[in-house]
Amino acid sequence: MELPTIIKMVPSVILSFHGLLMAFHGDICESYFNFFKCSARKLQHLIISLSNAAILKFKSILDKSEWDVVGCLQFRMSVLALVIVNSDNYPVFIKTRHDYDKSKMSAEENMNILYNMNATLDIIEERQGQNQNRDPYLGLLNQCESYKIYGLLSATRIKILLMVSTNVSVMFRDSEARSTLKQLYSSYIDVTTYNPFYCPGSEVQSKKLEELVKSVFGLTADYNR
Amino acid sequence: MIDEVLLDLLHIELVNTLVTPSSNKSELNVTELENVGHSTGYRLIERITKDSHRFKDELDIMKFICKDFWSVIFKKQIDNLRTNHQGIYVLLDHRFRFISNISSSKQFIELMPKYLAFSCGLIRGALGNLGFNAIVTGEVVKPPSCRFQVQINKT
Amino acid sequence: MAKQVKNLDSKKISSDLFSLTYGSLVFQLIKDYENPEDVNKQLERIGYNIGLRLIEDFLAKTNTPRCFDFKDVADKIQSAFRMYLGITPSITNWSQGNDEFSLILDANPLAEFIELPDHLVNLRYSNILPGIIRGSLEMVQIEAKAWFMQDYLKGDATTELRIKFVKKLEDVMPQGED
Amino acid sequence: MLGTTVVPADYEIGKIPDELSHHPLPLIYFAGLNINSNQTHHYVWETFANKRAPDRTPMQYRLMDNDCMIPPSKQKKSTYDWYVPKGILKTNWLIKHLHEVPSVAVLCVELDWDDVNFNTRKQECVNQVEALRGQFINRSCRIALVLLQKSLTIPIEDAMTTERASNLCEACDINATSLFVLPYQDSQHFLGYIYRMEAAFFELSSSYYQQEMKFIRSHRDQLNKTNHGLLFVRHQFKLGFFSEMRQDFQGAIKNYKQAYANLMEIRSSLTNIYEIMVIAGFINYKVCRLLFNQNDPREAIAHFQKHINIFKSKDETPELEFEHFAWLSKQFSIFGDLFDAAIASGLVPGQIQHPGYYYYESALLAIKRQAAIEPFRERVQFINKDTALVLIEEALRIEFYGQRPWRPGCQSLNPLDPEKEREGIKVLQYHELVYINHSTLIINLLKDAMNQFKRNKCPRMMRFMTVLIAQQYYDVNDYPNCLTHLNQVLPFYRTEKWKQILVSILTTAFNAAYSSANLTEFVKLGFEFLSSWIPAELEFKKSIQESILKVLSLQSPLNLKNSEENIDEAWQKMFIEGTYDTQITIKMNPIVPFIEIKPVFSQKAYKWQENVHLKLYMLLNAPMPMNFDKLSLTFDKSYYNQFCNYCPSPKSSIDGDTNDNALLHFEPMVMKCFEFNFEARIEDYGKQLEITEITLFMNDNPIKVTFNWINENPSDNNKCFSHNSCFSSSPSLTSSSTSSISSYPPKFYHITPTLTTFLEPRKPIVDLSLVNASPALLHEMYPIKIVIENKDEYSIKDISLTIVKMEEAAETQTVSFILDGFPLALGTAQKLTESMIDPGTSLIKIVYLPISDLNSQRFMFSVLFSVNSAESTAISSGPNLLKEIVSIQAINPFNISFTTCTPLNTPSRVIRLMEPFVLKADITCLSPLPLELIDCNVELNQNIFHTLPYIPTTLNKLLRSDDRTECHFALYSESQITQETGLGVLVIRWKKSTTSNHNSNTESTEEDGCQINKIKFTLPAITVQNSYLYVETKLPEFGTTRESLLLTYNLANRTDDLLPLSLSLDKSDNFMFAGNCSVKFSIPAKSQSTQLFVLYPLVCGHVSLPKLKIILYPDTENPIDMDNVLEDIVPSYLLVMPQRKIYTPFEPIGNAVLTK
């Protein structure tokens, strides 16, 4: 297994996971698995920002880490759209598969998806009223023939909507959506709050966020800076 | 990790740089400083509440401001919170960090307001991001104890 | 939710508080002086004033004896970075005369996640740092120049802070610039 | 069914036939009733069939006439071995069992037990039963016999009745339980009988259906899945149906579900896929309906989902794709209807579970359906219509549900005749294209969905539906409808600011307006479209901008959407007919602005008579330059509008372009600024001034356009006119838009508009002055004159005075000052007794401040007052504050020195017991101002007394600077004082002299009443010695030469025992004297003795008396010489006059002397 390619592919792993690196050399020592077990969650967050190829390469190890890689990949492949909406319901960040690959999604579909995402705000606003369970992660918000929509609603009324197609006949676990949304949220916070030039309520334009989102859509994020 | 000393020093510089004498020479123009506070508070609260649950109501938020928000900024909580339950809250800080190291002699009393503006902005910003449009004013009771009044506008 | 915040790292937050405040300041200055060059000057000036005071804190915390040469100074500055910014820049590119060196910042807590908008390419976002260095050195009777050679924000590979020794000063208290 | 005329439109894919949607009820036939002729029969029938209360057992009754034929049941096959079923479900089967094959046949005969010729009647009855039986060829339908009897009640069971009844049953060969008696004249119990019978009939019928089911089940074991899959489904379906007939719904659900399962087991092929789909649809319909009725919506939804998931992917040849979509669409709409019905009967929908979503899906599929058929449009042009029609009618008459009319009953798996297939499919396509109006179909579905979403708290979804509807209208070129629908939702989506969505809607709307030559809309939407916020090719935008101008000058626009349909004509027509408004007003607030305005008052507030200065920053973000003709501002105070119209020569226009004709000329992305200056009216001071509207005019075209911004949130400066921050002013936004317009000037972005300013009222013209004469004197109540002078045109009132001793915290200010003779505490506001000060007058007050020490002190006088100006806000009515500070330097008014002396007025420090002495106070005035000493007294300690009965000395004496004055006090002490003790205090009462008033500017008419001040000085301390002897001398004022005079010494013994002494008087040349010049004697205790001497002066002048010498205890070893004492108390000189001459009275010289 030639190292440089991997390094190119997933520097984040190399940086934060010496363990994986070692595993790569073929000699996978048990100690690392235990390490993974304890840090399964951490790992998961890390993986979110990994390219698919990387995940597959790591599968052998990741499986040991009590975390279902295939599930993650399937989840990512079936992500249709992502919308981050600020407290005034203004979409500060929108991505649909259409933006990446016109062939995968027609313009009309794209529009309908946007309308549906927009309409999901009704449901969120309904939830916002209810006081019980104030966990930011709202879980499955709406589901219809071709898609599911998961949502997150922060204390500051930032809303993140993730639309996943149900055409793919896979049953991914709720935790996928949860961790993805949480990850997106924290990254959104970083790029908006740390950057004083970002004017609240305007579109977020950040390479860093773009990269993350790309990987969330299951497209290899390019890490060349 | 950035050391707190820097913040104190920066704050002093903020005051010196941004506070300008206003049209009528008597009081100072602290709007800019207040704005800086606002934008800081607005973004800071986003970070602080990152993992926290949504808030029950106005009072819940004010408590959060007095406890968590205040203590991450000043390493202490607000000493006393009072409200008239009509959107007016009074926050008392008996030992307000930004003026605690300024001589509290007579001639400084006049200068005190400009050391509160930034913090007023912080509060206003935080509330703003949590969806409350508020007016925040501060006054020095008896150095180093300060009183902040928050008036939330129902919108 | 209070509980939850308790366990979030308040040190991290308070360090955030600084960088956020600094960011707001920079933005405000940009509003006031459209020209980025002026903003750079302002930032440097503010840094200088901070430096004047910061040095006292530094000397108090680390009872350091007078530096005997500029290399010594470099080390002190390095440790100051560790103390106050929590980063340890590497010292390199000494000039032959050993009167000039570079600090390489692999990370810059001031400019985390910053992405400069197009109309501000000339802005030296972290220009407060050279100011601080100049100010604090002046308080120990060293006149020095400090400036950014490279800046990560401008797409440079690293962030390089250049510091040049100018001359020794007689013991005169410098006044804060305005 | 057969023979009924059908129209091609009846052919509907996936439609649920009536027989299926019909609620199954047990079918009961009535025989032997001729309701037309026989009153009784009619009554009985009515009660059974028509007068049905809801609580009645569900039944379906039919009258049967004798010749009616019950469809005979086919001879059941003994074996199924070689039997190949031709289809799943016969179209006629359901109808047959719903309406034609009864479960029970009820025969009604009039027969009383006590009938005279019972037997004959019985026989008739038997025959009737037989006849009835004859009508059912091998159908195991139950027979019931009802005897209509005249008797008023059921007769008690007597032998006769039972006997007759039993052999009646026997004869008719019916079960005794199937025999009923109805005494139809017992009107009281009649209904009761009916109900009971009905219940009985129900029993019978359900037993019948049960038997049917048993029968069906019986030959299941003869079937095998491979050949008879279809039969499994059919039988299972029938079981379900019969269970329904006998109202056993749970059973029905079970069976139907089973049927569905069996259906799924059938191998589907091109041949039967449609049939399977149709049947599946039916069964699913049944299941879901039953589940809803059984109030189990979850299960219903779940089943439906399963159903859909199975068939969603199953698609046929592309030619028939439309059919598949049509069917799916139908499935959804059907389910939606079921759901809706359930809600109607009490089910509570959820926000995300309600029929709306199903209608929506149905609509989407319908749209796909339409899309799927489009490609085949021209292909079916040349088709033989007649044959097509025939085939379609066939399709409606087909024997098995869901089979192809051109190959009925075909189940073989071997390939079909391709030619026939093609033709058949063509016909289906033809039908789809000719007889199906898709857009109405879709629109109706969408409308259903819309209502549902509206009802179930999904406003956004509802709007989405509206948009889709509009899209449909657009597709069928119904532009007006399209526009009206879009206009309903546009305002919302504008505020929602979801760019892509808004843009797409705008685009459609704009195209619609364009295509329908709707001028107003075209202009409005067109302008909106120009905004750089809208991503579109620059070229396109330019052509729009061009078109707008053309249209405004009544020319048709450029060809914007390059389509063949000739829009130009429409425009021309419109212009000719003149169906356009010549004045268009565009409200700018809600729309995406192509030009932005930020008004800024130079100050938050303006002072009295300061010029109001207003800047208006404008930025055009349209693709091409634009000209306007007029700019006007409107204020909440209309007076100011006149100043803020299009200004002739704006001072600064950022682009420096100042050729006058281009004043309101804007270049894209170049900020321009217009300035206005004006002066506020007096009456508006103290009020806010607010911009309420800004209007731009475009007038030099036949069609005039005004652009109007309204200040939507009055008195809120944070909001700007292009209020939604995302429409305007975020550089990131504009740079993100694809239009390559020069980037947004950040300067404009940073401008925060201010819509309101405040006109500060002027301060009232009132002066406060303090008049005081320095220096202040220690311990005086120091008078300060306060002059409040009202120079204003309004009177002032509520005047209150506060005096604060500075450099002293408020709480420590205990001292009080005096105002109007009342002592008042410092640091507390004191309302003045004077209610108001009229214009032009002034109020003068004197306060007296206590001067407690010598070092200088500052007092702040603050006067609060309000102005009596109810009518005008121009002046700040207050409370207004005036401040004055007076600093006071105090000095000591007097300098005083004390001396004690002997009665002989010789200063002496020694004071002896019981011996008088004199206290002298020497007062020097230090004050530069003259002082008036009122009096000056001593307050003595005990044991010290005034010698003579004391009269307070009042010396009204005026002292100028450095004047001195003395006052004396004769005192003595009654007891010996060994260590020094103070005598007491000296009290001087004084006041500043009024006679010479120093300040002349305030004419002191009113009593200048300088306060009388007291000042105290402590008297010196003394000691009092004890003494033995006191000598009092008596001597005339003066003596005369050669005239004798008497000198007396009174000696008082001060000791408590006998005092021996020797007294001698020395010789003197100045006198001759008589008396014992040297004696020794003793004076008893506390008593006196007197020594007399007669003196005869010899010389005149101030001559010394002969010296008196006294020695006490002369003959003891330690005599005491009294000399030093005597010196103090015994006079030692005498004035001696020369002897007087005698003059005669007439001595002229004296007169002469007098007259000199």
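All chains are named by letter (A, B, ...) in the order of the sequence lines, taking the proteins before the strands, and each is independently numbered beginning at 1.
If you measure heavy-atom distances from Leu33(B) to chain C, you find no contacts under 4.5 Å at all. Only the side chain of Val5(B) comes within contact range of chain C, with heavy atoms under 4.5 Å apart. Heavy atoms of Glu32(B) lying under 4.5 Å from chain C belong to its backbone as well as its side chain. Contact annotation for Ile128(C): only side-chain heavy atoms (C-beta onward) come within less than 4.5 Å of a heavy atom of chain B. Interface remark: Leu6(B) contributes backbone and side-chain atoms alike to the contact with chain C (heavy atom separation under 4.5 Å). Proximity to chain C (any heavy atom under 4.5 Å) is restricted, for Phe118(B), to the side chain, taken from C-beta onward.
In this pair, Phe18(C) and Tyr22(C) present their aromatic rings parallel. The plane angle is below 30°, not in the 30 to 60° band. Using the six-membered ring where Trp is involved, Phe98(B) and His11(B) have ring planes that are parallel, under 30° apart on the 30 and 60° scheme.
With rounding to the nearest 0.5 angstrom, the CG atom of Leu9(B) is 7.5 Å from the CG atom of Asp57(C).
Considering only heavy-atom pairs separated by less than 4.5 Å from chain B, the leading option among Ile46(C), Ile132(C), Asp16(C), Leu20(C) is Leu20(C).
Side chain to side chain, Ser145(B) and Asp93(B) fail the donor-acceptor criterion of an N or O pair below 3.5 Å.
A salt bridge is defined here as a Lys NZ or Arg NE, NH1 or NH2 lying under 4.0 Å from an Asp or Glu carboxylate O, and Glu143(C) with Lys164(C) fails to meet this definition.
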